[in-house]
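Only one structure is covered here, and it is reproduced in the block below.
Start at 1 and go down the list; that is how both ligands and their atoms are numbered.
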Amino acid sequence: MAKDPVRVLVTGAAGQIGYALVPMIARGVMLGPDQPVILHMLDIPPAAESLNGVKMELVDAAFPLLKGVVATTDVVEACTGVNIAVMVGGFPRKEGMERKDVMSKNVSIYKSQASALEKHAAANCKVLVVANPANTNALILKEYAPSIPEKNISALTRLDHNRALGQISERLNVQVSDVKNVIIWGNHSSTQYPDVNHATVNTPAGEKPVRELVSDDAWLNGEFISTVQQRGAAIIKARKLSSALSAASAACDHIRDWVLGTPQGTFVSMGVYSDGSYNVPAGLIYSFPVTTSNGEWKIVQGLSIDEFSRKKLDLTAEELSEEKTLAYSCLS
Ligand SMILES: NC(=O)c1ccc[n+]([C@@H]2O[C@H](COP(=O)([O-])OP(=O)(O)OC[C@H]3O[C@@H](n4cnc5c(N)ncnc54)[C@H](O)[C@@H]3O)[C@@H](O)[C@H]2O)c1
Ligand SMILES: O=C(O)C[C@H](O)C(=O)O
C-alpha cells in the first residue's frame, strides 16, 4: 500500500540552498524512494515571484513522489500541518563577515517563526535549523516554542561532519563511504571541534582507526581541524556565495538519518539540546555524536575525551554561551 505523503516545510525556499534542496526532497533523497511528499515553501514577499518560479519548475520536473506544492509568503499557511520543517530562511554571511554579524538579522526571524510552528505544525514535527547562526537560531526557536519538545529541535552540523569525512578520505585516498564516526562538537562556526579520535576506516584488513592510518598527529591536530572549521569561508571566497549544494545534501542526510535511523555502529553529528553530557553546559544547542532509531536521537555516551579535546569542547561551548547572551540582547 502506498504511504501517506509527508509534509515538508522549507523556509527561504527561493534562496540558493532552497533551490538545491527542494528537488532533492521531491526525488526522495531525504525521506526515501517510496515516501511521497508535499512540499511547503515559504519566503518573504520580495521573493514571491522567484518562489513561484521554483514552484513552476517543480511542476515541470514531474517528480513522481511529489504530491503537492504550497508556495507562500504567509507563515501560518506554510507551517500548517507540516511533519518536518527545514528552516533555511534568513540572511547568509558575505565575504569578510563572521557568523556573529548575521546574528541580529536572523534571530528575530526564528523567534517569530517559532510561534507559527508551535501553533500550526503537526504534532511531533521535527525541526532542523540551517540558517546561521544555526545553533543559536535553533535555541531561540526552542525557547519561543515551549510546547515543541526539545528532542524535536536540531541544528545542522552534518555539513561539517561530511566535510571532515571528505578531508580524511582525500588524505588517505579511500572511499568516503569507508570512513565513519568523525565527530563535530559544538557550534557550526569556526570554533567547532572536528574530532577524529573515534573515527575509523573500513579497509581490506578490517576497521582501522583514522589516527593510526593517517599517522600524522600534527596534521590531524592542526591543518585538518582548521580546514574543516574554515571550509564555509573558503567556499564563500571561491564562489562569492556560501555553500549550497553541500548544505542541501547535508540537510537531507540529517533528516534521513533522524527519521530512518543510523546504521549499527555508526554515529553522526547533530546540533541538539545539551543535557550536560560530556560536561557541556545544559541549555545550549551543541553538536554531539548521536545515534538514531525509531525517529529519536541519542547522544553517544562514554567516549574518551583527552586534554586537547577537552579544551576544544569547552572553547566552542563558551562561544555558544556568548552567542546566547548576544541573541537575547538582539531580541530585547
Ligand atoms: N548550517 C549550515 O551548515 C549552513 C550551510 C550553508 C548556509 N547556511 C545558512 O543558511 C542560510 C540560507 O543560505 P542561502 O545561501 O540559501 O541564502 P539565500 O540568501 O540565497 O536564501 C535565503 C532565503 O531566505 C529568505 N528569507 C529571508 N527572511 C526570511 C523569512 N523571514 N522567512 C522566510 N524566508 C526568508 C530570503 O528571501 C532568501 O530567499 C544562511 O543563513 C546561511 O548562512 C547554513
Ligand atoms: O560559512 C558560512 O557562512 C556558510 C555556511 O555556514 C557554511 O558552513 O558553509
Side-chain angles (χ1 to χ4, degrees), residues 9-22 40-54 71-79 85-117 127-138 140-141 154-164 166 184 186-192 194 227-255 269-271 285 287:
L9 167 66
V10 177
T11 72
Q16 46 146 11
I17 295 177
Y19 191 72
L21 179 59
V22 291
H40 287 224
M41 305 194 295
L42 175 71
D43 214 294
I44 49 177
E49 198 180 344
S50 159
L51 185 68
N52 194 42
V54 178
T72 181
T73 58
D74 179 69
V75 65
V76 171
E77 187 186 4
C79 292
V86 187
M87 312 299 285
V88 186
F91 296 90
R93 181 163 67 131
K94 302 271 162 59
E95 202 171 352
M97 282 166 87
E98 265 301 309
R99 281 186 184 72
K100 279 180 192 150
D101 303 328
V102 295
M103 163 94 63
S104 60
K105 281 179 173 292
N106 285 343
V107 285
S108 58
I109 298 176
Y110 285 81
K111 179 182 170 184
S112 66
Q113 293 185 351
S115 319
L117 274 176
V127 183
L128 166 62
V129 178
V130 176
N132 284 316
N135 301 53
T136 298
N137 287 338
I140 294 300
L141 194 151
S154 64
L156 187 71
T157 55
R158 183 61 175 267
L159 175 56
D160 311 286
H161 181 101
N162 289 348
R163 285 168 172 165
I184 302 298
N187 200 2
H188 172 65
S189 78
S190 53
T191 67
Q192 68 177 258
T227 299
V228 177
Q229 288 173 331
Q230 298 294 336
R231 191 67 158 187
I235 304 281
I236 294 171
K237 190 156 187 282
R239 277 188 3 107
K240 314 293 173 222
L241 287 169
S242 63
S243 61
L245 86 84
S246 55
S249 181
C252 290
D253 289 345
H254 177 114
I255 297 285
S269 304
M270 280 174 73
I285 299 274
S287 179

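Contact between Ile235 and ligand 2 is absent, with no heavy atom of the residue lying under 4.0 Å from the ligand. Taking a 4.0 Å cut-off on heavy atoms, Ser242 registers as neighbouring ligand 1. Residue contacts with ligand 2: Arg163 is included, with a non-hydrogen atom under 4.0 Å away. Heavy atoms of Arg158 stay at 4.0 angstrom or farther from ligand 1. Residue contacts with ligand 2 do not include Arg231, since none of its heavy atoms lies under 4.0 Å from the ligand.
Atoms of ligand 1 lying under 4.0 Å from any heavy atom of Val88, numbered from 1 in the order shown and given with element: 11 (C), 12 (C). The atoms of ligand 1 that sit less than 4.0 Å from any heavy atom of Gly89 are 24 (O), 34 (N), 35 (C). Close approach of ligand 1 to Ala247 is summarised as follows: ligand atoms under 4.0 Å from at least one heavy atom of the residue are 5 (C), 6 (C). Taking every heavy atom of Gln113 and a limit of under 4.0 angstrom, the matching atoms of ligand 1 come to 30 (C), 31 (N), 32 (N), 33 (C). Listed by number with element, the atoms of ligand 1 under 4.0 Å from a non-hydrogen atom of Ser243 are 5 (C), 6 (C). Less than 4.0 angstrom separates some heavy atom of Ile44 from each of these atoms of ligand 1: 27 (C), 28 (N), 29 (C), 30 (C), 31 (N), 32 (N), 35 (C), 37 (O).
When the heavy-atom distances from atom 21 (O) of ligand 1 to Gly232, Gly15, Ser112, Ala251 are ranked, the shortest goes to Gly15. In this comparison of Asn132, Asn162, Thr11, the heavy atom closest to atom 43 (O) of ligand 1 sits on Asn132.
In terms of N/O distances under 3.5 Å, ligand 1 is approached by Phe91. At least one N or O atom of Ile17 sits closer than 3.5 Å to an N or O atom of ligand 1.
Contact annotation for His188 and ligand 1: only side-chain heavy atoms (C-beta onward) come within less than 4.0 Å of the ligand. Contacts between Val130 and ligand 1 below 4.0 angstrom, taking non-hydrogen atoms only, involve backbone and side chain alike.
Looking only at protein heavy atoms, the nearest one to atom 37 (O) of ligand 1 is Asp43 OD1, 2.5 Å.
Contacts classified as ring pair (Phe, Tyr, Trp, His ring centres under 6.0 Å) and involving residues 234-255 (residues at least two apart or in different chains) are given here: His254-Trp258.
Taking the side-chain hydrogen bond (donor to acceptor under 3.5 Å, both in side chains) definition, one finds that Asn187 meets it with Ser189, Glu319, Glu323, sequence neighbours left out.
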